[in-house]
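Accompanying notes for the structure given below.
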Amino acid sequence: MKHTFFPKLAWSGIRKNRKLYLPYILTCMGMVMMFYILQSLSYSPMLHAMRGGRNMEFILSLGKFVIAVFAMIFLLYTNSFLIRRRNKEFGLYNILGMDKGAICRVVAWESLMVTAMGLAGGLFFGILLSKVAELGMLNVLHLGIDFTLRLSGEAIAVTLGIFAVIFLVLFLKSILQVRLSKPLELLHSENLGEKPPKANWALALLGLGLLVGAYFLAITTREAMTALTMFFVAVIMVIVGTYLLFIAGSVALCRILQKKKGYYYQKSHFVSVSSMVFRMKRNGAGLASICILLTMVLVMISSTTSLYVGSEDAMNSHYPRENQLTIYPSTLEDMGNEALSPYRQAMEQVFDDHGVSPENLLDFRYCAIAGQVSGDTVNLAVDQDNFNVSDMSTIRSLFFISQGDYNAVSGEKVSLEPGHALLYASRCTYDQPRLEVGDLSLTIDGTFVPFSGICGTTMSSQPAFLLVIPDYETLSPLEGLVDYNDMEMLNTLWYYGYDLSVSLDEANTILGQQGEAIHQTDPGSHIEAYSYVNRSEQRYDYYSTFGGLFFIGIMLSIVFLAAAVLIIYYKQLSEGYEDQSRFAIMKKVGMTSQDIRKSINSQILTVFFAPLIFAGLHQAFAFPMVWQLLQLFSLDNLPLVIGTTVGAFLLCGVFYAIVYKVTAGAYFSIVNDREQAV
């Protein structure tokens, strides 16, 4: 036997089954290309030189890991489909005298050819498009454009290594599948599983219960930290519930439709429903996979787009003034206006020296402490016995501002009795009439509207209480308390923020000189420390984080959508080959081409858009929890998040309809005569 026999036979198999292999090879190329692009970007010198580059590098690392794991899982899925479609051919080889060893050699050559095309094509397009991706990343991060083309040998080596392992696993699985098979089973593999499946109501109800439970968690979770914990639980419940519902529930649905005689015994429904009931147990997993992929794309695109578009709002919320100083008085007594007056005069003198006047001045004092809420009591971390660090959902930051500061900044006229307070709950709820914080007891008279800027300067993105109290002496029971790590618990702070109509360099100079003036003005050691920050300089960190998430969201969405399209394509092909003989028989007994077309439309439309509908349902119920998580990034623009969520679903719907139109053509061309194909 010639040495070229097996390579020729393998190439002939690929060429004759090009409808199956071409999408698979393109998918392999796409996975390699996307991984290489992310790998090469992580080695970009511009990324390492930029401020916030470490944030972007970490996000790229997560993206590479997700693509590598997803490529392994998804290529295993598609490879199994290919081998299953080739089983009849391999069985014929075996019957004609070719032993399993020879068949394995054919499979080995096919795997080698596919691997070579996947790696070569993926690296070629990856190198070709890596510069385009880098320019897109730089544009997203608002950085300068660099048109220098760079080729990363290390990125190529890592990509080849990772995907060599993946293709080796695919090859070994294919060989094992051929080795364990029997010739007659291979010949009749396409007809296996034709026994009518039973409707498993228990699994269907379990899937429905898991989905309802996940939806209930999503809509009843009201606090961001709880949402962070429960989000992954809800995701697992949705994934398992979706698979159970599509696999078991779809069979149950077909059985219900069969019992509806007015619906079932129609020419356009009879063949479609009877065909679906046989295949839904197997193809339900494919529909569930499409649904999960679409849901991931919808949530990922809507959330990362919201973060990126709203990054300026989030930054302005966290830094309400362009220039800000945070000063730390030593004691509650040092929080008084008389004690802080020399420092205020020193900072104003710096303005006079530069001939500038501060705009939008925001000047107030506040105190902060953290504790664990239980009913109307805040347990402080005085010892480890009454403080559970692992339970982050009940931990609250408490911020206290005197009614004098609140009235001065907000223009309100709040007047409180000693021991009374107003409470505003941020990213959480509180409805108790009293609040016990250690030895401090406060009667809650009601809530209030925080003045513009106070939430950004005092409250973190985590759940917090902001309280207006009569004066800072009210907090004397908390002064001097230390936690179990011997750290002082009550923090005293003074915020001094303003805008200036000057350049960034001059603003930084003024901030630095004001900090030095605070350091030199020391009449009685009233100040422990100070810090200052310019909002413009923090913009790099925001765009490197939110822009990086947006960029990775786009890349992963492309990968997941490509996977969904391939599952849909193979689903249509496999169902077309299975239905070809059925429709041929129906034509012989009098079914017209128009009846066949109606039946095909009924069959496809009954199940094809189910994944999109369920994905939209998942996204709708996940929205409250996603909104809570986005608020952890200081994003408070609800209309923006709603708009991006609706927009993502509409775009996905249009894309899905186009895919339906294209893949339905492949189905029609198989089950109908060539001249009748769409």
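For this chain, numbers begin at 1 and follow the sequence in order. Just so it is clear, the model here is predicted, and its values are computed rather than measured.
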*Check step by step if side-chain contact (heavy atoms from CB on, under 4.5 Å) holds for Met315 and Glu312.*
CA-CA 5 Å; Met315 185 179 61; Glu312 197 72 24; 3.2 Å; yes

_What verdict does the side-chain contact (heavy atoms from CB on, under 4.5 Å) test give for Phe560 and Thr295, after you've listed the backbone C-alpha separation in whole Å, the side-chain angles of each residue and the deciding distance to 0.1 Å?_
CA-CA 10 Å; Phe560 294 155; Thr295 305; over 6 Å; no

Quick check: does any side chain N or O of [X] sit under 3.5 Å from a backbone N or O of [Y], one acting as donor and the other as acceptor?
{"X": "Asp405", "Y": "Arg365", "answer": "yes"}
{"X": "Ser317", "Y": "Asp313", "answer": "no"}
{"X": "Arg396", "Y": "Val373", "answer": "no"}
{"X": "Arg321", "Y": "Asn360", "answer": "yes"}
{"X": "Tyr36", "Y": "Leu123", "answer": "no"}
{"X": "Glu322", "Y": "Leu500", "answer": "no"}

Could you give the distance from [atom1] ([X]) to [atom2] ([Y]), rounded to the nearest 0.5 Å?
{"X": "Leu422", "Y": "Thr447", "atom1": "CG", "atom2": "OG1", "value": "7.5 Å"}
{"X": "Glu537", "Y": "Asn508", "atom1": "CD", "atom2": "CG", "value": "4.0 Å"}
{"X": "Cys367", "Y": "Met489", "atom1": "SG", "atom2": "CE", "value": "13.5 Å"}
{"X": "Leu466", "Y": "Leu423", "atom1": "CG", "atom2": "CG", "value": "8.0 Å"}
{"X": "Leu160", "Y": "Phe163", "atom1": "CG", "atom2": "CZ", "value": "10.0 Å"}
{"X": "Leu651", "Y": "Ile301", "atom1": "CG", "atom2": "CD1", "value": "9.0 Å"}

_Between Phe609 and Tyr656, is the ring centroid distance below 6.0 Å?_
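Yes, the ring centres sit under 6.0 Å apart.
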
For [X] and [Y], which heavy atoms make the closest approach, and how far apart are they?
{"X": "Leu493", "Y": "Thr326", "answer": "CD2-CG2, 3.9 Å"}
{"X": "Ala68", "Y": "Ile162", "answer": "CB-CG2, 4.3 Å"}
{"X": "Ile290", "Y": "Pro611", "answer": "CG2-CB, 3.8 Å"}
{"X": "Tyr308", "Y": "Ser311", "answer": "O-OG, 2.8 Å"}
{"X": "Ile37", "Y": "Ser130", "answer": "CG1-CA, 4.2 Å"}
{"X": "Val238", "Y": "Ala214", "answer": "CG2-CB, 3.6 Å"}

*Give the C-alpha distance, both sets of side-chain angles, the deciding distance and a yes or no for side-chain contact (heavy atoms from CB on, under 4.5 Å) between Leu630 and Ser303.*
CA-CA 7 Å; Leu630 291 177; Ser303 57; 4.1 Å; yes

_Which label fits Phe621 and Tyr215: parallel for a plane angle under 30°, tilted from 30 to 60°, or perpendicular past 60°?_
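If you compare the ring of Phe621 with that of Tyr215, the planes turn out parallel.
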
*Going by the angle between their ring planes, with limits at 30° and 60°, are Phe623 and Trp627 parallel, tilted or perpendicular?*
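Parallel: the ring planes of Phe623 and Trp627 meet at under 30°.
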
Are [X] and [Y] packed together at the side-chain level, in the sense that at least one heavy-atom pair is separated by less than 4.5 angstrom?
{"X": "Tyr495", "Y": "Leu362", "result": "yes"}
{"X": "Thr242", "Y": "Ile292", "result": "yes"}
{"X": "Gln538", "Y": "Arg535", "result": "no"}
{"X": "Leu294", "Y": "Leu561", "result": "yes"}
{"X": "Phe551", "Y": "Thr304", "result": "no"}
{"X": "Leu211", "Y": "His618", "result": "yes"}
{"X": "Phe614", "Y": "Leu245", "result": "yes"}
{"X": "Leu435", "Y": "Leu398", "result": "yes"}

*asked:* Can you confirm whether the side chains of Asn323 and Gln514 place a donor and an acceptor under 3.5 Å from each other?
replied: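 No pair is found: no donor N or O on one side chain lies under 3.5 Å from an acceptor on the other.
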
*Say whether Gln619 and Thr645, considering side chains only, have a donor N or O and an acceptor N or O under 3.5 Å apart.*
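No, because no side-chain N or O of Gln619 sits under 3.5 Å from a partner of the opposite role on Thr645.
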
_Verdict with reasoning, Val356 to Tyr498, per side-chain contact (heavy atoms from CB on, under 4.5 Å)_ = CA-CA 12 Å; Val356 296; Tyr498 54 87; over 6 Å; no

